[in-house]
Protein chains: 2
Amino acid sequence: MTERKRQILQSAQAILKKKGYAATSVRDIAKSLEIEPASLYSHFSSKEDILKLTCFDMASKFDEAIQEINTLYFDAEQQLRMAIREHVQILTSHLDSAIIFLRDWRNLTGESHLKFVEKRNSYENGIRKIIQTGIDEGRFNESDIKFATLTVLSSVNWIVEWYNPNGKLNATQIAEKLSNFILSGLIKNKL
Amino acid sequence: MTERKRQILQSAQAILKKKGYAATSVRDIAKSLEIEPASLYSHFSSKEDILKLTCFDMASKFDEAIQEINTLYFDAEQQLRMAIREHVQILTSHLDSAIIFLRDWRNLTGESHLKFVEKRNSYENGIRKIIQTGIDEGRFNESDIKFATLTVLSSVNWIVEWYNPNGKLNATQIAEKLSNFILSGLIKNKL
DNA sequence: ATTTGCCTAACGAACGTTAGTTTGTAGTCT
DNA sequence: AGACTACAAACTAACGTTCGTTAGGCAAAT
């Protein structure tokens, strides 16, 4: 990927984030770069190509993170805390891409769509495995495992909706708060 | 609203749910009803009109629910459980509308957009008030109140992504599981 | 007699994309 | 040093399609 292509991709992602994939036209993207719409096709084969690159780039980042964590011999709580920290780190350091990745992947068509869902499920399985370990260890409440996994992921992913890079909380702090919330809930522990 | 209009609205929502607002054309909607695209304009003034009706219908359902709960004199835990139960009930009994409401409201323009955000914030405030009460009562962990509110709402809203009307869990059961998760977290309480 | 619900036909605008060309720049050979 | 080649990145112009929407009319129900 050339420097210019990366530059264009970044500009495109800023607009896609703001307007959503389906509502963004190739002309919108070109305008923000002050080039002609046709010029984009010197770098990308189609509009969907931009979406594809964005979604799969993010997917592999998450993939790498979870696979590394799953090889480490920590207990479930530690593993979950690490997974959440990595997840938040990836989301917040690529905020535009992250929003597109989470929201617009449904617009992928054909094989791309299938492969994406596959990747997503594989990541979900990584998280599920950690929670399952926690239950097996007797440290986590027994609960519907699919339910727990989705609830964890939803609260983690939602941060892209309100995260402010200039806010008072950095990624690590958010991850810790979130981990505490997920692990301990709202109610005070009886000590 | 005539019977026919309600019927058309329902058909439209089924497609909007599947494809997303921006990616759905007026012709798509007409086709599913086996009428001509132009015929839709006997019932709706514009494509956005359909989105507007859907979003604001759902918004008032949530609004009514939270306002009623806020007038009741239960403690925070009971109130939060009730709010979650009502929320899940509304989502699952209007699944198509719910998905559009949660995902596509960004496509509202002008005044509609503004009013919608206002309504949404007002609902968020209702939930926030309950959590704040729990903290004041000394029953909930002290935590970033905005953070807690958003985390609660995100995990509740995410159920539309996986809820299956024919699955083994009904709305009430989901609400209870979710309440337990949010209130107690993953880690077992030390008794 | 009026209204309701749909039709046909068409509008102008915007859509993603293609073909073919121009421009600038960097490297290579005489 | 100057000429030649190669390539990247942009351009102009246009393509066929689809978009949301409107105008005007027609048949059945009220």
Side-chain angles (χ1 to χ4, degrees), chain A residues 1-56 96 100 103-113 116, chain B residues 1-56 96 100 103-113 116:
Chain A
M1 175 131 55
T2 66
E3 185 54 38
R4 180 58 176 155
K5 181 167 180 178
R6 203 179 303 276
Q7 192 179 109
I8 290 177
L9 192 56
Q10 221 158 31
S11 241
Q13 286 164 344
I15 306 192
L16 290 178
K17 168 202 161 186
K18 208 185 295 180
K19 308 188 52 172
Y21 177 77
T24 302
S25 72
V26 172
R27 283 166 178 84
D28 289 333
I29 297 170
K31 197 166 211 171
S32 82
L33 286 152
E34 297 182 279
I35 61 175
E36 294 300 314
S39 306
L40 286 169
Y41 289 81
S42 299
H43 303 275
F44 303 95
S45 65
S46 66
K47 184 189 171 192
E48 187 173 344
D49 194 30
I50 296 175
L51 179 62
K52 222 184 304 183
L53 271 170
T54 305
C55 289
F56 283 92
D96 290 352
I100 298 164
R103 182 192 59 196
D104 292 331
W105 63 268
R106 287 162 226 270
N107 294 101
L108 291 170
T109 63
E111 197 185 353
S112 297
H113 188 100
F116 182 88
Chain B
M1 175 130 52
T2 66
E3 185 53 40
R4 179 58 176 156
K5 182 166 179 179
R6 203 180 304 277
Q7 193 178 108
I8 290 177
L9 192 54
Q10 221 159 30
S11 240
Q13 285 163 346
I15 306 193
L16 289 177
K17 168 202 161 186
K18 208 185 295 181
K19 307 187 53 172
Y21 177 78
T24 303
S25 72
V26 172
R27 285 166 176 85
D28 290 333
I29 298 170
K31 197 167 212 172
S32 82
L33 287 152
E34 298 183 281
I35 61 176
E36 294 301 313
S39 305
L40 287 169
Y41 289 82
S42 300
H43 303 276
F44 302 96
S45 65
S46 67
K47 183 190 172 191
E48 187 174 345
D49 195 29
I50 296 175
L51 178 62
K52 223 185 301 182
L53 271 170
T54 305
C55 288
F56 282 93
D96 290 352
I100 298 164
R103 180 193 58 196
D104 292 331
W105 64 269
R106 287 162 224 271
N107 293 102
L108 290 169
T109 63
E111 198 185 351
S112 297
H113 188 100
F116 182 89

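Any value given below was found using the heavy atoms of this structure, including those in side chains, with hydrogens, waters and symmetry copies removed.
Protein atom NZ of B:Lys5 is 13 Å distant from nucleotide atom P of C:dC6, rounded to whole Å. Computed from coordinates, the B:Asp28 CG to D:dC19 P distance equals 6 Å when rounded to whole Å. Across the protein-nucleic acid pair, A:Phe44 atom CZ and D:dA8 atom P stand 15 Å apart, rounded to whole Å. Atom P of nucleotide D:dC19 and atom CD1 of B:Ile29 are separated by 11 Å, given to the nearest angstrom. A straight line from NZ of B:Lys47 to P of D:dT22 spans 15 Å, rounded to a whole angstrom. What separates CD of B:Glu3 from C1' of C:dT4 is a distance of 15 Å, to the nearest Å. Remark: P of C:dG16 and NZ of A:Lys31 are 14 Å apart, rounded to the nearest angstrom. If you measure from atom CZ of B:Arg27 to atom P of C:dT8, you get 13 Å, rounded to the nearest angstrom.
For A:Arg4 and D:dA10, the shortest distance from a side-chain N or O to OP1 or OP2 is below 4.0 Å. Considering only side-chain N and O atoms, A:His43 lies nowhere under 4.0 angstrom from the phosphate OP1 or OP2 of D:dA8. For A:Ser25 and C:dC15, the shortest distance from a side-chain N or O to OP1 or OP2 is below 4.0 Å.
Checking side-chain atoms of B:Lys47 against main-chain N and O of B:Tyr21 turns up a donor-acceptor pair under 3.5 Å. Here the side chain of A:Gln13 pairs no donor or acceptor atom with the backbone of A:Thr54 at under 3.5 angstrom. Judged by distance alone, with hydrogens and angles left aside, the side-chain atoms of B:Asp49 form a donor-acceptor pair with the main-chain N or O of B:Ser45 at under 3.5 Å.
The side chain of B:Tyr41 lies closest to D:dG20, out of C:dG16, D:dA13, D:dG20. With distances taken from any side-chain atom of B:Ser46 to the nucleotides D:dT21, C:dG16, D:dT12, the minimum falls on D:dT21. Checked against D:dA23, C:dC6, C:dT17, the side chain of B:Ile35 finds its nearest nucleotide in C:dC6. Proximity note for A:Ile8 (side chain, C-beta onward) versus C:dG5, D:dA10, C:dA19: the nearest is D:dA10. With D:dT12, C:dT17, D:dT22 as the choices, the nucleotide that has an atom nearest any side-chain atom of A:Glu36 turns out to be D:dT12.
Around atom NZ of B:Lys5, more than 12 heavy atoms belonging to other residues, nucleotides or ligands sit under 6.0 Å away.
When all heavy atoms are compared, the tightest approach of A:Val26 to A:Tyr41 is CG2-OH, 3.9 Å.
A:Ser39 contributes no side-chain N or O that forms a donor-acceptor pair with the base of D:dA9 under 3.5 Å.
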